[in-house]
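Read the structure below first, then the notes.
Note that the coordinates shown come from a computational prediction; the quantities given were computed from them, not determined experimentally. Just so you know, ligand 1 is whichever comes first in the structure, and atom 1 is the first atom listed for that ligand.
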Amino acid sequence: MKLLLVAGARPNFMKIASIVTALDAHNLSAKKRIDYLLVHTGQHYDEKMSQTFFRELDLPRPAVDLEVGSGTHATQTAEIMKRFEPVLVKERPDAVLLVGDVNSTIACALVASKIAYPGGPDVSDRTRPLIVHVEAGLRSRDRSMPEEINRILTDALSDLLFVTEESAVHNLRSEGIARNRIHLVGNTMVDTLLRHRDRAEQSAVLKRLGLAALNSGNQTTLPYGVVTLHRPGNVDDPAAFRNILDALLSIGKTLPLVFPVHPRTVSRIKEFGLADRCPMLTPHETIPDTNAGLYCIEPLGYLDFLRLMSKARIVLTDSGGIQEETTMLGIPCVTLRNNTERPVTVSEGTNVLAGTSKVAIVRQAIRQLKQRAQRARPRFWDGKTGQRIVKILSKSTLATSKS
Ligand code: UD1
């Protein structure tokens, strides 16, 4: 069996890493190998948004890099499609595996769904690869989010749908997707977190930021919070962004907040003239002794960010994956959105939805800071999701007839 794995943007790399590990383990002993090729679309391309993750997660070098770069949604999606089609025609994989909800995911699903590999002389012999979606079925019910469109369309085109939580099974069933195509297998991002937790403990990030102190020979961590923010709904509108910044600056009066800033957000900070409200620490600067405030830093690698999150008193974020990671780590999370496509992080985990008003964010942060860290483990979030996926894949029917 030949499998083509697609990754394009930062959160894809953690998900693909779990599957690569499981495939390598399978191929060591299985009678039937699953050969795989990794395609990087190049949606994310900066060292700190891409290459760092390949190194830290021991991902193989991509066999193909489509190098699409940034653009409007239409340009980026179309460019990925144009460049992915010849790769499919050349490689003729039996299956294409897609993760998450980024533009790379939907672009490659569309191409794979319409491709027709020539077979025998009969036109009806034409086949296409099986389309496999990992992290299917999540729904925010907010179609102003580009990711929600990507999720709905990718799921509609997929043959095998692997889901992280029960709510996703219900969502897919209510959209008419047959039960036998849906598999509740757990969370590949959690596989990667569990696998790298010990390595992350070696990270020097806390020391580098001046957040670790030596107390009678023992290392202690000063209290701090972590912020991430990059959703277009939060950062592309100056009024909305200012409002969130006001809330963060208010929380930052009593608890230093470390904010690794996404490139999209860096651009908006410059564009909206907000640089004086969120100054960047240079790579060698530590958080000053008078340590309350909001401290922006460059995006961190996987291990540093995992370490930073795991010792934080609180995480304030609009990311999807971080809601799941904080649930696993038992760190209180405040989501700066009105909805979440990952409700299990609220019902079983450490997450609360604060929306985006200043008052609500500050109120929820104060409430969450009173919570004791408590780990939760939703069903199948046990580090074995990649193995479950590979087991099901190894038994599945391969290419799908076009007729
Ligand atoms: C994308 C995903 C989002 C995911 C996020 C994680 C879509 C629709 N959105 O959003 O779901 O949560 O990735 O980061 O696919 N840029 C760089 N260097 C890079 C990549 C991007 O400077 O390596 C800048 C460019 O100015 C670009 C902007 O960031 O225009 C946004 O990048 P883009 O890939 O369009 O979307 P993200 O906001 O990263």
Side-chain angles (χ1 to χ4, degrees), residues 6-16 40-55 57 62 65-81 83-84 98-110 133-136 138-140 142-155 164 189 192 226-237 240-241 259-272 280 296 298-302 305 315 317-326 335-337 339-342 345:
V6 177
R10 184 169 60 176
N12 292 168
F13 306 136
M14 298 70 145
K15 295 166 196 167
I16 285 289
H40 190 332
T41 65
Q43 175 172 347
H44 284 175
Y45 43 86
D46 282 352
E47 157 71 25
K48 290 194 160 64
M49 298 295 285
S50 175
Q51 291 91 319
T52 305
F53 294 86
F54 275 77
R55 273 197 308 276
L57 301 174
D65 189 341
L66 304 179
E67 297 182 341
V68 294
S70 301
T72 63
H73 286 280
T75 310
Q76 191 174 58
T77 309
E79 206 52 56
I80 297 168
M81 289 179 70
R83 297 183 193 195
F84 186 58
L98 306 157
V99 293
D101 54 14
V102 300
N103 286 344
S104 303
T105 314
I106 177 59
C108 296
L110 270 168
H133 187 204
V134 172
E135 200 186 86
L138 298 178
R139 297 289 181 267
S140 66
D142 174 1
R143 290 202 181 192
S144 69
M145 287 176 77
E147 295 82 2
E148 183 72 353
I149 308 294
N150 295 345
R151 291 179 197 120
I152 295 168
L153 298 181
T154 304
D155 289 341
T164 51
M189 208 168 207
T192 300
V226 174
V227 174
T228 81
L229 206 56
H230 74 283
R231 296 259 157 239
N234 283 344
V235 303
D236 286 1
D237 171 41
F241 193 7
F259 181 8
V261 194
H262 184 282
R264 165 192 284 283
T265 312
V266 170
S267 308
R268 299 301 172 260
I269 289 173
K270 286 186 194 141
E271 197 181 319
F272 304 150
M280 286 294 271
C296 296
E298 291 198 336
L300 292 173
Y302 183 71
F305 189 70
V315 174
T317 187
D318 61 5
S319 148
I322 292 173
Q323 296 172 48
E324 298 177 333
E325 290 170 336
T326 45
T335 293
L336 309 179
R337 288 171 47 190
N339 51 54
T340 178
E341 59 287 336
R342 294 159 159 92
T345 61

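- Annotation: His73 places no N or O atom under 3.5 Å from an N or O atom of ligand 1; distance criterion only.
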inquiry  = Assess the residue pair Ser140 and Glu148 against the criterion (side chain to side chain donor-acceptor pair (under 3.5 Å)); give the C-alpha distance rounded to whole Å, side-chain angles, the decisive distance to 0.1 Å, and a yes or no.
reply    = CA-CA 7 Å; Ser140 66; Glu148 183 72 353; 3.2 Å; yes

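- From the protein, the heavy atom lying nearest to atom 27 (C) of ligand 1 is Ser70 OG, 3.2 Å.
- In this structure, the side chain of Asp318 engages the main chain of Arg231 through a donor-acceptor pair within 3.5 Å.
- One finds no salt bridge joining Arg143 and Glu147 here, because no Lys/Arg side-chain nitrogen approaches an Asp/Glu carboxylate oxygen to under 4.0 Å.
- In this structure, Thr154 contributes its side chain and Arg151 its backbone to no donor-acceptor pair below 3.5 Å.
- Put simply, no part of Lys48 is less than 4.0 Å from ligand 1, judged by heavy atoms.
- Regarding atom 2 (C) of ligand 1, its nearest protein heavy-atom neighbour is Val102 CG1, 3.7 Å.
- Interface atoms of ligand 1 facing Pro263, defined by a heavy-atom separation under 4.0 Å, are 16 (N), 17 (C), 18 (N), 22 (O), 24 (C), 29 (O).
- Closest to atom 13 (O) of ligand 1, if we only count protein heavy atoms, is His44 CE1, 3.2 Å.
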key: Thr335 vs Thr340, side chain to side chain donor-acceptor pair (under 3.5 Å): CA-CA, chis, key distance, verdict   = CA-CA 8 Å; Thr335 293; Thr340 178; 6.0 Å; no

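- Nearest protein neighbour of atom 5 (C) of ligand 1, counting heavy atoms only, is His230 NE2, 3.6 Å.
- Remark: distances from the non-hydrogen atoms of Ser50 to ligand 1 are all 4.0 Å or more.
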message = For a ring-ring contact (aromatic ring centres under 6.0 Å, His included) check, start with the C-alpha distance between Tyr45 and His40, then their side-chain angles and the critical distance, and finish with the verdict.
response = CA-CA 9 Å; Tyr45 43 86; His40 190 332; 9.3 Å; no

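- Under the 3.5 Å distance criterion, the side-chain polar atoms of Thr192 are matched with a main-chain donor or acceptor of Met14.
- Under the side chain to side chain donor-acceptor pair (under 3.5 Å) test applied with Ser104, the options Gln43, Gln76, His44 reduce to a single match, Gln43.
- Contacts with ligand 1 closer than 4.0 Å are made by no heavy atom of Ser319, backbone or side chain.
- Residue Asn150 places no N or O, backbone or side chain, under 3.5 Å from any N or O of ligand 1.
- When the options Arg10, Glu47, Arg264 are ranked by their closest heavy atom to atom 36 (O) of ligand 1, first place goes to Arg264.
- Near Gln76, meaning under 4.0 Å from any of its heavy atoms, are these atoms of ligand 1: 34 (O), 35 (O).
- Nearest protein heavy-atom neighbour of atom 18 (N) of ligand 1: Asp46 OD2, 2.9 Å.
- Ligand-side atoms of ligand 1 in range of Pro11: 6 (C), range being under 4.0 angstrom from any heavy atom.
- The nearest protein atom to atom 11 (O) of ligand 1, hydrogens excluded, is given as Glu147 OE2, 2.6 Å; this is a heavy-atom distance.
- Within the model, atoms CG of Leu138 and CD of Glu324 stand 7.0 Å from one another, a figure rounded to the nearest 0.5 Å.
- Closest protein heavy atom to atom 8 (C) of ligand 1: Asn103 OD1, 3.3 Å.
- For the atom pair CG (Asp237) and CZ (Arg268), the distance works out to 11.0 Å, reported to the nearest 0.5 Å.
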